[in-house]
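Computed from a predicted structure; not experimentally measured. Start at 1 and go down the list; that is how both ligands and their atoms are numbered. If you read the sequence from its start, that first residue is 1, and numbering goes on from there.
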Amino acid sequence: MHSEPFYDPAKSYLDNFEHGPFGLFANTSPSFPATPPRRQFLGQPVFAPFGIPAGPLINGKFVKAALDMGFDIPVYKTVRTRRQACHPWPNVLGVRVTGDLKPGQTLVAGTDYSEPLSITNSFGVPSFDPDFWQPDMAEAAAYARPGQVVVGSFQATLPENGNSAAYLQDFRLGARLVKETGVKVIEVNLSCPNEGTAHLLCFDIARSRQVVEAIKEEIGSLPLVIKLAYYQNHAKLREFLNEVGGAVDGIASINTIAAEVRDASGRQALPGEGRLRSGVCGSAVKWAGLEMASTLARLRAELGMKFAILGVGGAGTPEAFDEYRRAGADVVMSATAAMWNPRLAQQIKEHAHEL
Ligand SMILES: Cc1cc2nc3c(=O)[nH]c(=O)nc-3n(C[C@H](O)[C@H](O)[C@H](O)COP(=O)(O)O)c2cc1C
């Protein structure tokens with residue numbers, strides 16, 4: 001069942017930022033279960049291990065509305081240490097996929113957001129200056145009641161000259177700035193498709209390790225979650241975990257999966273250079289998120305590690321929530337489905353079996 005989305009794809013990012021959230025998220029008031037929280041997420045009590053991953057909650061107003069609507073683990077959209085403009089509109093389009101997204105598939109995009117709901121999103125990880133987002137994130141984090149926890153997501157900006165020392169420094173600064181907001185969990189995006197789809201940071205194991213070590217030096221005992229892309233190669237994921245898995249508190253996966261996206265007449269659907277291929281999310285990528293959750297759970301046991309698994313990707317129904325939990329996810333999150341279904345957290349609390 002679809003409602004008016006809380007992020008409106010027909011409007012620009014700035015319009016959404018200033019005037020959103022929309023639909024049921026526009027006028028929320030807090031409502032909480034009568035019983036105390038029974039679950040834990042990285043040391044924090046939570047009512048339900050369900051939330052919204054980095055992306056659709058683009059500022060504190062969106063995060064607060066999500067908390068009011070019972071999404072107990074909302075992630076404040078990925079920020080940077082400096083201002084960065086958003087890619088040109090449109091930034092979200094519906095894509096028609098029958099069944100699972102397959103490697104190399106070309107998709108037709110438009111404004112049809114009917115079930116089964118999959119979309120492409122292309123923002124370029126815009127950010128305001130820390131002068132804006134630090135107090136905004138701090139206020140949103142403080143709004144969470146006992147039983148809820150706001151996660152702050154960030155990433156570094158690769159300098160134009162590719163200077164890796166400066167890149168690492170920017171991760172340190174970002175971690176420090178997010179920590180200062182008082183969030184109880186920090187997430188670093190190692191799978192940003194906009195920093196070069198072929199060269200996602202999480203596929204560079206040595207550099208990922210350096211980045212994680214630098215961040216941990218800055219944030220001390222504050223829990224750190226890393227956001228990973230889908231790994232087709234499980235041996236490579238094992239290698240990654242061997243190097244990095246012991247140093248992190250949680251792994252969120254998956255991010256979007258890139259595919260070629262054209263309009264009905266075969267033209268590039270998203271205007272501008274480098275946007276023919278774009279990240280796909282929603283029901284067509286659920287198979288990949290589930291595969292990652294179960295592979296991470298198996299490797300975690302084999303390697304004797306402790307990180308929490310945050311299952312992401314097409315988790316848009318109570319049944320999908322249950323599938324993720326059975327696959328081994330400690331926490332489940334939905335971006336695409338939640339955007340069009342503001343009652344999703346309530347429905348999961350009412351109907352899921354694996355809470
Ligand atoms: C509108 C939108 C914006 C997103 N922006 C980010 C982001 O800034 N950082 C990030 O790590 N992931 C981002 N994502 C990816 C989601 O966190 C998630 O990994 C992906 O959408 C798969 O989940 P889903 O199938 O429930 O949408 C975004 C997703 C959407 C739909």
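Between Tyr7 and Phe62, the two ring planes are tilted [angle within 30° to 60°]. In this structure, Phe321 and Phe50 have perpendicular ring planes: the angle between them is above 60°, well past the 30° mark.
Note: an N/O pair closer than 3.5 Å links Thr78 and ligand 1 by distance alone. Taking any N or O of Ile254, backbone or side chain, at least one lies under 3.5 Å from an N or O belonging to ligand 1. For ligand 1, none of its N or O atoms has an N or O atom of Pro53 under 3.5 Å away.
Remark: among candidates Ala54, Gly311, Cys281, Pro5, the nearest residue to atom 6 (C) of ligand 1 is Ala54, based on non-hydrogen atoms.
Sorted by first then second residue, the ring-ring contact (aromatic ring centres under 6.0 Å, His included) pairs that include residues 248-280, not counting sequence neighbours, number zero.
Within the 4.0 Å heavy-atom shell around ligand 1 one does not find Ser153. Not a single heavy atom of Ala337 lies less than 4.0 angstrom from ligand 1.
The Gly314 neighbourhood of ligand 1 comprises atoms 24 (P), 25 (O), 26 (O), with distances under 4.0 Å to a heavy atom of that residue. Listed by atom number, the atoms of ligand 1 under 4.0 Å from Asn189 heavy atoms are 9 (N), 10 (C), 11 (O). Those atoms of ligand 1 that come under 4.0 Å of a heavy atom in Asn121, given as number and element, are 2 (C), 3 (C), 4 (C), 28 (C), 29 (C), 30 (C), 31 (C).
By the 4.5 Å side-chain criterion applied to Ile, Leu, Val, Met, Phe, Trp and Tyr, Phe41 is assigned to a cluster that also includes Leu42, Val46, Ile73, Val75, Val149, Val151, Val185, Val225, Leu310, Val312, Val331, Met333.
Under 3.5 Å, the side chains of Tyr76 and Asp136 contain a donor-acceptor pair of N or O atoms.
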